[in-house]
Structure formats: C-alpha cells, structure tokens
Amino acid sequence: MNLKLYNSIAREKQDFQPIDPQNVTMYVCGPTVYNYVHIGNARPAVVFDTLYRVLRAIYPGVTYARNITDIDDKIINKSNELSVDINEITESFSDAYFEDMVALNTLEPDVIPYATQHIPEMIQMVETLVEKGHAYPADSNVEADKGHVLFSVPSMSKYGELSKRNLEEQEAGARVEVAGYKQYAGDFVLWKPSSEKEPGWASPWGRGRPGWHLECSAMIKKHLGDTIDIHGGGHDLIFPHHENEIAQSCCANDGKPLANFWMHNGFINIDGEKMSKSLGNFRLVRDLLQQYPGEVLRYVILSSHYRSEQNFSKELLDSAWRTLDSLYGFIRGVAPAESHLNSSGDGFKALLDDLNTPVAISELYRLAKAVNQANGAEQVALMQELKGLSDILGLLQQDPEQWFTLARGNDQLSVEQIEQQIQARQQAKQDKDFAKADQIRQQLLDAGVVLEDSREGTKWRRA
RNA sequence: GGCGCUGUAGCAAAGUGGUAAUGCAGUGGACUGCAACUCCGCCAUCGUCGGUUCGAUUCCGACCAGCGCCUCCA
C-alpha cells in the first residue's frame, strides 16, 4: 500500500515518503477573509480534505493546517469601502467560511492559524532574513517608501525552482509597476509600513504589517516545522506565492526545503471562462448552497481529477445531483453499517494513485449497485465496504430517507401534504380509479415529487 | 517572449503499446393497471497529419484549436 502523489516541484508522480510516519504534516493555503468564498476556493479545501482522509487511513498521525489570512490590503479596502471595523469583516467572513466548509463535508483541520496571531514569528523571520543578507530595508528618500523590507531574490541561487522560472526571461513589471525602492525588480515585500488608519504592529522597521507570502512561511515553521511533507494550494499560487514562501523559509532555515511534496489543484471555470471580477461570473459557495446540497458540490469537485481544469455549469450540478440520487436510491432502505475500509479495494487503490477520485467514485457506484442486489450477510459486508469508501470521499454522508426529502429549491408541498396525497392515491388505486390515482401522481410530479411504488408501499422523493 | 496545460461518445470523466472504465442523458426489452424504481441490453475507434512498432487513442514530430501563469488571484 503505497501512496503516489504528483509533486509539482519534480513535475512527476512520486512515491510518498513522510519525514515522520508517525505524524505526517500538511499545509494548505486558506482564504483571505474579505468576502464569501467562491467555488474555486472550495476546490482545494475539498481536494486536500480528501487527501487528509486518505492520509489518516494510512498513517497513525496527520497534522493538517489550513490558515486564515486575516490581514491583507484587500481586507483593509473592504473595511474602508463598507466603513466596518476590520475585525468585524474578518470574523464574519471566517465564520462564513467555516460554515461553507462544513456544508462541503470537509473535516476541520488540526490547526487553523490566523495571520494576525503570528506577527512576532513573522517579524522574527524577517529579522533572520535581514541578518543573513537575504532581505533589506528599503533605502529611499521618499517618505512613503520607508518602512518596507524586501526579500532579495538574487541572494537566493535556487529561486525559481518550483515554477521553473527565470526572472530575466519574464516580463518584469508586465502587470505591476516596479517600485523604485527595490534593488531588483523581482524582489518582493516581506514587511510594509502602515499608516495610522491602517492596522499595524510595531517592528524594528516601524509600524507596519506583513506581506502576504510571509504569513504562510512563519505559520508553517511555528506549527509544523522547518520542512513539512505536503504543501498544497491552487495552481495559480505556484508563482509567486509558493515560490516566495520557499525563498523565505529556505533562506531563514539554513537551506532546508520547505516542503517535500508540492501539490496544486487546477482551476474551476464557469461556462468555459475563468471566474473574474470583470466578467462578474463568480459562483459563491454560499449561493450555490441555496440551490444544491453541499454534497452535490463536493461530488462535482471530486468527479474530475484534482489537477485538471474543471468547468462548472448548471448542467454539471444537476447531473451530479441525479447521480447522487441514484446512489442514495441503491442504499435506500438498507440498514446502515459500520464503516469498513477495504484498503485493497479498487476504490482506495485509485485514491492512492495521486488521488484518482473519478475512479474511486465509479467504485462507489459499483458497490452501491452490488449492495442493492445482495442480501443478508453479503449485503452487510458490501454496505460496510461502501461506507468505508464513501467516508474517505466524504460522500453519502446522509441518511437516504433524509436525502430524498431535502429541499430542492422549487418545493411547493410539505411532507405532510405529500403524504396526504399519497394516501388519497392509495385509496383511489384500491378503488381501481386509476384515472384519479394518475392525476394525483401527476400533480405531485408537477410539484417536484416522484413516487415509487413497491410491495412495501409507496416511497417518494423530491427531484 | 518565458514557463505550462488541454483536446476521448449529446454532456461529464478515467485509462492503457494489443482493438476504450464509469456516471448523466438517450434508447430496446423485462417488471408495472399505467408509470417511477430496479433488472437485462444498446449507444465512441480517442483533434488533424506523419513517424516508430507486428500492432498506437496510448511513444515521437509537426500542425490545428482552446486555455493558464509571468508579482490581486484557489
């Protein structure tokens, strides 16, 4: 049973070997809490949650950390825009984030570090970098430039190892003007000054706040150590964010690598286009949850391989919902069973192969179908295996009966009304008044309720 | 310009040097008073053109078409 993971820094699938098999360490970049998260933010959370579950099934200990970035210019802007205190912004949006993550069946990480609670560690790291000649305070006569501390990219010979970029060949400043106080165009901010109106902390370079990249480096060092097993995040974070994290941590920690495995999930597009402010096509998890159960969103995310791009659309969501209906349909009426992971089953084996969730899901389907056709002890065993696999995937976590009564967004009838109608139809059937029975069934169907007759009686479900 | 990704059935999505998992949709049949559910079955030659090979969707090359990153970004 060996886990293979695609390592972005090596650009190939590799056998995963933890530093300490007793305690695997994983860090994933979490959200900047200035707004509700969109479905793109949900992908890494769901993907790495699934990996977390796989790791926990293999190793006795796993420490998973996912941060909250609660100090950032975007947050400050939002605060100004709404004239709301910055703490209120970060608290309400981090709370909302946690709610959304629960809806997506993600487990709570072991550590949830907040950037603002690690300012001393960050300052410490900057000081170390300055001492070692990897960082410098901006030297400028311009008042606004003072108080910046920058990382000196040329001081690190291996810079660019993750993204395989040669800064000379990049279009430096293609999108952002190069600040005049930088010694080198590629240098990035470790610490920046804060005005009286902006949140700030005292530092050797004056009152200021940390740069984005610094947060993760400092929090990883504090909670997980100098070198961790797995560092995850979205594909777009490879450069500059992760590259800069490597630079900071590696240079501050005597050249030790920051992470042995770098993993990056692909993007989610909407109707073929990237989500962007200009297109106004963000899909907030919160909004989608108004229309779809969180498990449908999770299913969609896991239905394609985490490294490929995924195109979100209404059709995809609706189709995923129908599939889950079908899955729940197979186990409806089957007694719940203890979770029992078959670690040599095809589903788990697929997950060990760089988290091949589409194949694991197909196995889920095969098992559910088998459960439906088996009975007795065989059925119990299959149900246990199904439960074992679905628990790793974080799917089929609800009671089937409840699943089928879940609100579908267009519900016109209450459970009582539905059951009343079913009674009436039952009577009509007994009276051989099929016209009336069919009429009732049609009315229910029009109201989004499908009936399923069986020997044991009539079941219904919303669809 | 630099780095990189993708192109498999109506849709979604795995995969392999030896003639293509799975789901949704569709469709034929069984079951049903009729349906729904369920069950049995059907439904693709893998962007194009070359090359390597006994044999390629899978390796190599070219081309075509999309797309991402290059200091906000999951």
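Given the structure is predicted, the values throughout are model-derived calculations rather than measurements. Throughout, protein chains are lettered first and strands after them, A, B, ... in sequence-line order, and every chain is numbered starting at 1. The figures here come from the full heavy-atom set of this structure, side chains too, leaving out hydrogens, waters and symmetry mates.
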Inset, instruction - Spell out yes or no: do the side chain of A:Arg332 and the base of B:C37 have one donor N/O and one acceptor N/O closer than 3.5 Å? - result: no
Legend entry - side-chain N/O A:Ser308 vs B:U6 OP1/OP2, d < 4.0 Å: no
Inset, instruction - Please determine if a side-chain N or O atom of A:Arg11 lies less than 4.0 Å away from the OP1 or OP2 oxygen of B:G4. - result: yes
Legend entry - RNA chain B base-pair string [pairs: Watson-Crick or G-U under 3.5 Å; |: paired with another strand]: (((((((..(((.....[...))).(((((.......)))))....(((((..]....))))))))))))....
Inset, instruction - Find out whether the Lys NZ or Arg CZ of A:Arg283 is both under 6.0 angstrom from the six-membered ring centre of A:Phe312 and within 45° of the ring's axis. - result: no
Inset, instruction - Look at A:Lys429 together with A:Asp453 and state whether they make a salt bridge at an N to O cut-off of under 4.0 Å. - result: yes
Inset, instruction - Examine A:Arg66 relative to A:Phe48 and say whether NZ or CZ is less than 6.0 Å from the centre of the six-membered ring and inside a 45° cone about the ring axis. - result: no
Inset, instruction - Check whether any side-chain heavy atom of A:Gln421 lies under 4.5 Å from a side-chain heavy atom of A:Trp460, and answer yes or no. - result: no
Inset, instruction - Return yes if the base of B:A35 and the side-chain atoms of A:Arg441 contain a donor-acceptor N/O pair under 3.5 Å, otherwise no. - result: yes
Legend entry - RNA chain B: 5'-proximal contact among A:Asp236 and A:Lys369 (nearest heavy atom): A:Lys369
Inset, instruction - Output yes when at least one side-chain N/O atom of A:Asn356 is less than 4.0 Å from OP1 or OP2 of B:G15, else no. - result: yes
Legend entry - Distance below 4.0 Å between A:Tyr365 side-chain N/O and B:C24 OP1 or OP2: yes
Inset, instruction - Using a 4.0 Å heavy-atom cut-off across all strands, classify A:Gly40 as base, sugar-phosphate, or nothing. - result: base
Legend entry - From A:Ile39, A:Asn265, A:Val296, residue fulfilling side-chain contact (heavy atoms from CB on, under 4.5 Å) relative to A:Ile301: A:Ile39
